[in-house]
Amino acid sequence: MTFSPRVRFAPSPTGQVHIGNIRVAIFNYLFARSQSGRFLLRVEDTDRERSTPEAIDALMGVLDWLELRPDEEPLFQSARVEEHLAAAEKLISDGNAYRHARTPEELPAVFFRVPTTASLYGGFLREAGPVSHKLFEGEPLRIDHTGIQYVGVSRKGKPDPGGCCLAGMADGKVLAADGTLLLDLAEALPSILAGETALETAGADRIEYTRREIVFQDLVKGELAKPLDSMKDLVIVRGDGSPVFHLANVCDDDCQKITHVIRGDDHVENTYRHIPLFLALGCPVPAYGHLPMIVNEQGKPYSKRDGDAFVGDFRAKGVLPEALFNYLTLLGWSPGDDREKMNRDEMIAAFQLERVQRAPAQMDLRKLANLNGQYLQELPESFYFADIRDLLSRTEWGMALSEDRLVKIARLMRPRLQTYEDVFSWRMFADNDFERDPNALKRGLGKAWQRDALSRMAALMESGKTLGAAREEVAETLELDDGKLNQPLRVALTGQAGGPELLDVIALLDRTTLAPRIRKTLSLLEPSS
RNA sequence: GCCCCCAUCGUCUAGUGGCCUAGGACUUCGGGUUUUCAUCCCGGCAACAGGGGUUCGAGUCCCCUUGGGGGUGCCA
């Protein structure tokens, strides 16, 4: 039997696609392809406020741009509310969920009860030894069918309020300071669960129970576990009747027959709740893999305010999709050898979830730019020219450039191009209103002799001399070595400290603009006072 | 606070008990080419968070500390 995994990317469309989210999509895609599985899309559009048609378009546009095309029709979560609510009803009638309002003001919501019976957990539960939990003196312990409320003792001896689901302390024994058994939870459980009993014990000193924990094998992190006594029953249907993420997510994963859930690290806590939910619903539990988060250049998590965090931003800056895809793949994963620039087939062939890193990864925009540059260099020339033309047509000066000159410029500038964004510095070829880089001005024209030499050159050129002749004459007059004038000249002409061979650049500049360029650059250096 | 997870150069990473004098890439620095700057080529700096174990031997296994991340919602 061939096992064919099914994975999904399940974003909620909010207008912009975050870089961390798209990396999750990429890893899902790579996993599916490497396992001859299927890559599906589920649009979690239950937030009607933000999930606008525009937001969905943006999402689809990004997936298309990166060629992350799902193998089946996308599932829209909003279309399945009936099924989600039906699942909640089933859980209620099976005794795995209950309606409850925590305060009189709240409408009753549906809570999923973390199962108290070990047999309901399949292989996902294990015992972790006895625990004795000290209670704060004088504070009552409250137990009803929604869970246990208690006040523990903090390390500093202060009251430490806490609570957990009934499952967390299902065999708990509440004891007085002298060891007297105040309550045997195992005995009382049936009537508590039935809602017949709500207890409030005074004089309790401690509660002793066997700790049990949910365990699963994470595909990237290995064995992960969490004690039941750190969990609470969770809302799965709101008071207003709308299903909560946890319910919808689990139902839809079952609906799409998802075998492997590959998602961000921020979901690991949810997995401890989703596993019992699958089980209670009678659905097969998928395998899980949690990917580390991406952090920004400050090493902090990306927040809404961070720039450069949306896929659209990279696209707008002229990052090639192949480069972004490749870079993001390398963020938190490596093929195990020294390869970095890999095409999609190579990445698919090498991809293994076990090889993904377990710690958060920090974005390095410079490395992305470098990689993008490599992709740019090998782009077929016709595509390259088309992209350039497209970008430059956004500017007036770019429109004015003839096709012939544009091709020459594009060829000359290509070797040092890292991002398409850089093409906007090509204005120096078009007119005299290009930006002068202040640092370049300082380096090339910071000294008085440099400005003097350039001003002499301009004067000579204005009297009809060619640039070459002017340079020679000035070099001779000022007794300057060969090449000494090149750097000041480059800065005066282009406003930049670097670039291609100076003569090649000059060859592409309109001869009549040479002297005015120098004059203008020099004028910018004159004291403004 | 409590729960869960993580930890190799500045950054992304290789490394699964001896092959590690810890490798590669980005960044950075130096040199070569270049009448200049850059591209390019060559070279250098730079890390096992700290402390205890286990072992003949530890970056690799265990524990503690520190640091980081995630969670702790009728958000997703």
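- Contact check, A/Ser230 against B/C2: no side-chain N or O comes under 4.0 Å of OP1 or OP2.
- Of the two residues near RNA chain B, A/Gln418 and A/Gly336, the one whose nearest nucleotide lies more 5' is A/Gly336.
- In this structure, B/A76 makes no Watson-Crick or G-U wobble pair, since no nucleotide meets both defining distances under 3.5 angstrom.
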Taking only N/O atoms, report every protein-nucleotides 21-24 of chain B pair under 3.5 Å with atom names and distance.
{"residue": "B/G24", "atom": "N2", "partner": "A/Glu340", "partner atom": "OE2", "Å": "3.1"}

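- A donor-acceptor contact closer than 3.5 angstrom links the side chains of A/Asn370 and A/Gln374.
- Side-chain N or O atoms of A/Gln450 include none that pairs as donor or acceptor with a backbone N or O of A/Gln487 at under 3.5 Å.
- When the P atom is compared between B/U21 and B/C64, the two are found 30 Å apart, to the nearest whole Å.
- Residue A/Arg358 is in sugar-phosphate contact alone, with no base atom involved, counting any heavy-atom pair closer than 4.0 Å across all strands shown.
- For the pair A/Gln357 and B/A14, the criterion of a side-chain N or O lying under 4.0 Å from OP1 or OP2 is met.
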For nucleotides 68-76 of chain B, read 5' to 3', which letter fits each nucleotide if B means a protein heavy atom sits under 4.0 Å from the base, S means only the sugar-phosphate is that close, and - means neither? SSBS--BSB

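- Interface remark: the A/Arg366 side chain does not form any donor-acceptor pair with the B/C26 base, using a distance-only criterion of under 3.5 Å.
- Along RNA chain B, the nucleotide nearest to A/Gln487 and the one nearest to A/Glu223 differ in position, and the one closer to the 5' end is contacted by A/Glu223.
- Side-chain atoms of A/Asp252 and A/Gln77 include a donor-acceptor pair closer than 3.5 Å.
- When the side-chain nitrogen and oxygen atoms of A/Arg471 are compared with OP1 and OP2 of B/U36, none of them lie within a distance under 4.0 Å.
- Judged by distance alone, the side chains of A/Asn326 and A/Tyr375 do bring a donor and an acceptor atom under 3.5 Å apart.
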